[in-house]
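The model shown is predicted, which means the values in this text are computed figures rather than measured ones. Whatever order the structure lists them in is the order used to number ligands and atoms, beginning at 1.
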Amino acid sequence: MKKTPLFALLILLVCSCSEDDTNDTLTNIPDKEARLYAGGKTTIFANTSFSFDNPAPNLNETNLALHLAGDMQFEQAFVTAPSIVNPGLGAQFNNTSCISCHPKDGRAGFPMDINSRSGFFLRTSIPGTDPHGGPNPTPGFGGQLQNHAIYGKQPEVKFTITYQDLPVHFKDGTTVILKKPIYGITDSYIPMPTNAMFSPRIGPPVYGLGLLEAISEATLLKNEDILDVDEDEISGKANLVWDPVSKTNKIGRFGWKGGAPSVMVQSAGAYNGDMGITSPLFPNEADAGQSNGSPLEEKAPEITQEILDQIEIYCQTLAVPAARNLDDPKVIQGFQLFEDANCIACHIPKHITGIISGVPAISNQTIYPYTDLLLHDMGDDLADNRPEFLADGNEWQTRPLWGIGLTNLVNGHTNFLHDGRARNLEEAILWHSGEAKKSREYYTDLNKSEREAMLAFLNAI
Ligand code: HEC
Ligand code: HEC
């Protein structure tokens, strides 16, 4: 007689437990199989320190040959003219090869010494716009500040950096102190105009970019909510930028403010602005005022269209690493929290690509990049206060999150955001404000184990 109530209680307990389970705890990520193949058929299963540096496995023979030729170009280091190989560096430059700023096709770490050759630089402009609505170049300096120069020439500037502490308090009493970088310049070769604005940037990863290029304009525009009609405090605006190839305005997709319409324009711009290499697309030196002594200068571009075509397809067709550990209960919990925190309002998980002519490998793919490629106000602490086409001084483009958990394995660091200021994934979330303030607060309200789950999810996609 004594045992019966206990038994009954036990049954009651078990029942209520399993009821709770079905209500609250997800046992599976619903579209797990599809999420695993983050880059559709371009996905590669290579969980190594070279996870970002693989050709898409579905490339046809012609495109694979172009990709491999582009791979070589990506690694070429340019030197001072005259030279038999790769002449034409500078006169001013930030670094000497693509790979030096996109190590192993991944992201550059924040430099220990801000003036070492690294993946970091400052863009610049003065108020107003250029004839195409883009940034108004700073007289004597252009659109980008080069802190290195070839022998006998002067760098445009040296960069300076100081930090301000920004404490963030969690609901459970934990405090994290963010370090807000404050940039400046010194040693400029001529006086810097007093109204010059600066925007810090760091080299992002370059895999999966053709897939992002292949998402249709209509899809991106459908996700815009410029006037926040749905009143979720999240707007989202496509950047509209000048495309020197088609000589029309196109949606900006690349760069931290979506300032470039295509992989081609971004890459030719990098040759020009980052290394001082002219091309058919950008035939004039970026560093007006100081010649680099190249015999080719003003006669023919320093690299050919053929090289641009190779580098374009290379960056378009680097394989996307597969997601990992999607069956891990922590990751499944993190998936749910990522949804509940409304991270998905901007980091839209899934897209279907349209068609890029000549590159079937990246066309018609179901992909999980976790971005809307739109601009969002991210608050004053993240602001660069420098407009770029339609992006204002507070706006940044939502970054793709695919493969982000492999950053440490590939690049040996966890520096995130547009200038690499976040020292880990948690800090990247804590810097979110403006339109993403509610999402950040959702995160700082979580307990430790839930926060770990959210990070486990980020590390798994
Ligand atoms: C000095 C460092 C540096 C060098 C050299 C450099 N990059 Fe970059 N790269 C960057 C930075 C910084 C950005 C972000 C630019 C921005 O926000 O406007 C970037 C962005 C890109 C992007 C867009 C990625 C995205 O997701 O938006 C591509 C593509 C790219 N670079 C390709 C190249 C190629 C190709 C080369 C060589 C021709 C090259 N880069 C050389 C620093 C560099
Ligand atoms: C309002 C739009 C928005 C929301 C909501 C949002 N993000 Fe972001 N996220 C961005 C933008 C824009 C950036 C780039 C900011 C920058 O570089 O300064 C970014 C960057 C990131 C990065 C760093 C990416 C990189 O390549 O360095 C991570 C990680 C990230 N977000 C995670 C999250 C998580 C987790 C949530 C939910 C808690 C979230 N985001 C909510 C817009 C958003």
Side-chain angles (χ1 to χ4, degrees), residues 70 73-74 76 78 93-102 107-108 117-121 123 144 146 148 199-209 212 232-236 253-260 262-275 277 279 303 307-308 311-312 314-316 334 337-338 340-347 370-378 382-384 388 395-401 404 407 415-422 424-429 431-443 446 454-455 457-458:
Q73 298 302 339
F74 202 80
Q76 298 300 313
F78 285 83
F93 59 93
N94 295 109
N95 217 324
T96 59
S97 65
C98 309
I99 196 93
S100 56
C101 293
H102 303 283
R107 76 177 71 210
R117 280 190 201 170
S118 75
F120 175 91
F121 57 71
R123 294 203 183 285
Q144 185 168 325
Q146 288 93 12
H148 290 270
S199 176
R201 306 288 168 100
I202 204 139
V206 290
Y207 53 85
L209 300 185
L212 299 180
D232 64 351
E233 291 169 34
I234 296 179
S235 61
R253 293 169 194 258
F254 301 107
W256 292 96
K257 277 187 186 258
S262 62
V263 168
M264 173 60 94
V265 171
Q266 177 75 46
S267 304
Y271 273 117
N272 196 241
D274 305 348
M275 304 194 283
I277 302 295
S279 66
I303 54 162
I307 292 181
L308 284 186
I311 211 89
E312 175 190 37
Y314 178 68
C315 293
Q316 278 176 335
L337 293 167
F338 189 78
D340 295 347
N342 209 18
C343 310
I344 54 170
C346 304
H347 296 282
Y370 300 89
T371 176
D372 56 6
L373 290 182
L374 299 178
L375 300 168
H376 297 275
D377 182 328
M378 295 296 284
L382 217 45
D384 64 351
E388 191 172 340
E395 288 173 324
W396 298 99
Q397 187 195 50
T398 310
R399 293 305 298 178
L401 300 178
I404 198 164
T407 306
N415 302 154
F416 299 109
L417 301 173
H418 62 269
D419 56 355
R421 69 177 61 189
N424 49 51
L425 284 172
E426 178 168 83
E427 286 198 359
I429 300 172
W431 277 107
H432 281 55
S433 190
E435 292 173 35
K437 188 159 178 263
K438 275 192 186 162
S439 289
R440 188 205 59 211
E441 284 169 356
Y442 186 98
Y443 181 83
L446 297 177
M454 172 86 90
L455 301 176
F457 176 69
L458 291 177

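Taking the side chain as every heavy atom from C-beta outward, Q397 and L373 approach each other to under 4.5 Å. With contacts defined as side-chain heavy-atom distances shorter than 4.5 Å, the pair Y271/F78 qualifies. Within the 4.5 Å cutoff, the side chain of L455 has heavy atoms near those of the Y443 side chain. Looking at M378 and E395, their side chains never come closer than 4.5 Å, going by heavy atoms from C-beta outward. Using a 4.5 Å cut-off on side-chain heavy atoms (C-beta onward), W431 and R421 make contact. Residues H347 and L401 meet the side-chain proximity criterion, which asks for heavy atoms closer than 4.5 Å. Looking only at side-chain heavy atoms (C-beta outward), S199 and H418 stay at 4.5 Å or farther from each other. In this structure, Q76 and S97 have side chains that are not in contact, with every pair of non-hydrogen atoms separated by 4.5 Å or more.
Within the sub-2.8 Å shell of atom 8 (Fe) of ligand 2, the protein contributes these N/O/S atoms: H347 NE2, H432 NE2.
Between Y271 and ligand 1, not a single N/O pair is under 3.5 Å apart. Below 3.5 Å of separation, one finds an N or O of G255 facing an N or O of ligand 1.
With sequence neighbours excluded, no residue satisfies side-chain hydrogen bond (donor to acceptor under 3.5 Å, both in side chains) with S262. For E426, the salt bridge (Lys or Arg N to Asp or Glu O under 4.0 Å) criterion is met by R451, not counting sequence neighbours.
The side chain of F74, and not its backbone, has at least one atom closer than 4.0 Å to an atom of ligand 1 (non-hydrogen atoms only; side chain from C-beta on). When heavy-atom distances to ligand 1 are checked against a 4.0 Å cut-off, K257 has no atom that comes that close, whether in backbone or side chain. If you look at Y443 next to ligand 2, there are no close heavy atoms at all, none under 4.0 Å. At a heavy-atom cutoff of 4.0 Å, ligand 1 is contacted by the side chain of F121 but not by its backbone. Residue contacts with ligand 1 for S118 involve N, CA, C or O but no side-chain atom from C-beta outward (heavy atoms, distance under 4.0 Å). Neither the backbone nor the side chain of Q73 comes within contact range of ligand 1; no heavy atom lies under 4.0 Å. Only side-chain heavy atoms of L209 come within less than 4.0 Å of ligand 1; its backbone N, CA, C and O stay farther off.
Protein heavy atom in closest approach to atom 23 (C) of ligand 2: L417 CD2, 3.9 Å. Counting protein heavy atoms only, atom 29 (C) of ligand 2 is closest to L425 CD2, 3.7 Å. When only non-hydrogen protein atoms are considered, atom 16 (C) of ligand 2 lies nearest to H418 ND1, 3.5 Å. The protein heavy atom nearest to atom 10 (C) of ligand 2 is M378 CE, 3.5 Å. In this structure, atom 14 (C) of ligand 2 lies nearest to the protein heavy atom Q397 O, 3.7 Å.
Near L382, with a cut-off below 4.0 Å to any heavy atom, the atoms of ligand 2 are 18 (O). Of all atoms in ligand 1, listed by their number and element, those nearer than 4.0 Å to a heavy atom of I311 are 35 (C). Within ligand 2, the atoms closer than 4.0 Å to a non-hydrogen atom of N342 are 5 (C), numbered from 1 in the order shown. Numbered from 1 in the order shown, with element, the atoms of ligand 2 that lie under 4.0 Å from a heavy atom of E435 read 1 (C). Contact atoms of ligand 1 toward F254: 23 (C), 25 (C), 27 (O) (distance under 4.0 Å to a heavy atom of the residue). Distances below 4.0 Å separate heavy atoms of M275 from the following atoms of ligand 1: 5 (C), 37 (C), 38 (C). Within ligand 2, the atoms closer than 4.0 Å to a non-hydrogen atom of F416 are 27 (O), numbered from 1 in the order shown. Interface of N94 with ligand 1, defined as ligand atoms under 4.0 Å from a residue heavy atom, comprises 1 (C).
In this structure, W256 has a heavy atom closer than 4.0 Å to ligand 2. For the pair R107 and ligand 2, a heavy-atom separation below 4.0 Å is found. Residue-ligand proximity: R123 is placed with a non-hydrogen atom under 4.0 Å from ligand 1.
The nearest non-hydrogen atom to atom 5 (C) of ligand 1, considering only A268, S100, S97, comes from S97.
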>> Assess the residue pair N342 and S439 against the criterion (side-chain hydrogen bond (donor to acceptor under 3.5 Å, both in side chains)); give the C-alpha distance rounded to whole Å, side-chain angles, the decisive distance to 0.1 Å, and a yes or no.
In response: CA-CA 6 Å; N342 209 18; S439 289; 5.5 Å; no
>> Run the side-chain contact (heavy atoms from CB on, under 4.5 Å) test on L375 and W396 for me, step by step, so that the C-alpha distance in whole Å, both residues' side-chain angles and the decisive distance to 0.1 Å come before the verdict.
In response: CA-CA 5 Å; L375 300 168; W396 298 99; over 6 Å; no
>> With side-chain contact (heavy atoms from CB on, under 4.5 Å) as the criterion, how do N424 and F416 come out once you've worked through the C-alpha distance, each side chain's angles and the decisive distance to 0.1 Å?
In response: CA-CA 7 Å; N424 49 51; F416 299 109; 5.5 Å; no
> Passes salt bridge (Lys or Arg N to Asp or Glu O under 4.0 Å), R440 versus E435? Steps please.
Replying inline: CA-CA 10 Å; R440 188 205 59 211; E435 292 173 35; over 6 Å; no
>> Please determine whether salt bridge (Lys or Arg N to Asp or Glu O under 4.0 Å) holds for the pair D384 and R123, giving the CA-CA distance in whole Å, both sets of side-chain angles, and the decisive distance to 0.1 Å.
In response: CA-CA 10 Å; D384 64 351; R123 294 203 183 285; over 6 Å; no
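Among all heavy-atom pairs drawn from L458 and I404, the shortest one is O-CG2, 3.5 Å. The two residues F93 and T96 have their closest heavy-atom pair at CE1-CG2, 3.9 Å. The shortest heavy-atom contact between I202 and W256 is O-NE1, 2.8 Å.
A salt bridge links E233 and K438; the closest N-O separation between the charged side-chain nitrogens and carboxylate oxygens is under 4.0 Å.
With waters left out, the protein N, O or S atoms under 2.8 Å from atom 8 (Fe) of ligand 1 add up to 1.
The aromatic rings of Y370 and F457 stand perpendicular to each other, their planes meeting at an angle above 60°, with 30° marking the opposite boundary. Between F74 and Y314, the ring-plane angle classifies as tilted under the 30° and 60° cut-offs.
Considering R117, Q146, Q144 in turn, Q144 is the only one that fulfils the side chain to side chain donor-acceptor pair (under 3.5 Å) rule with N94.
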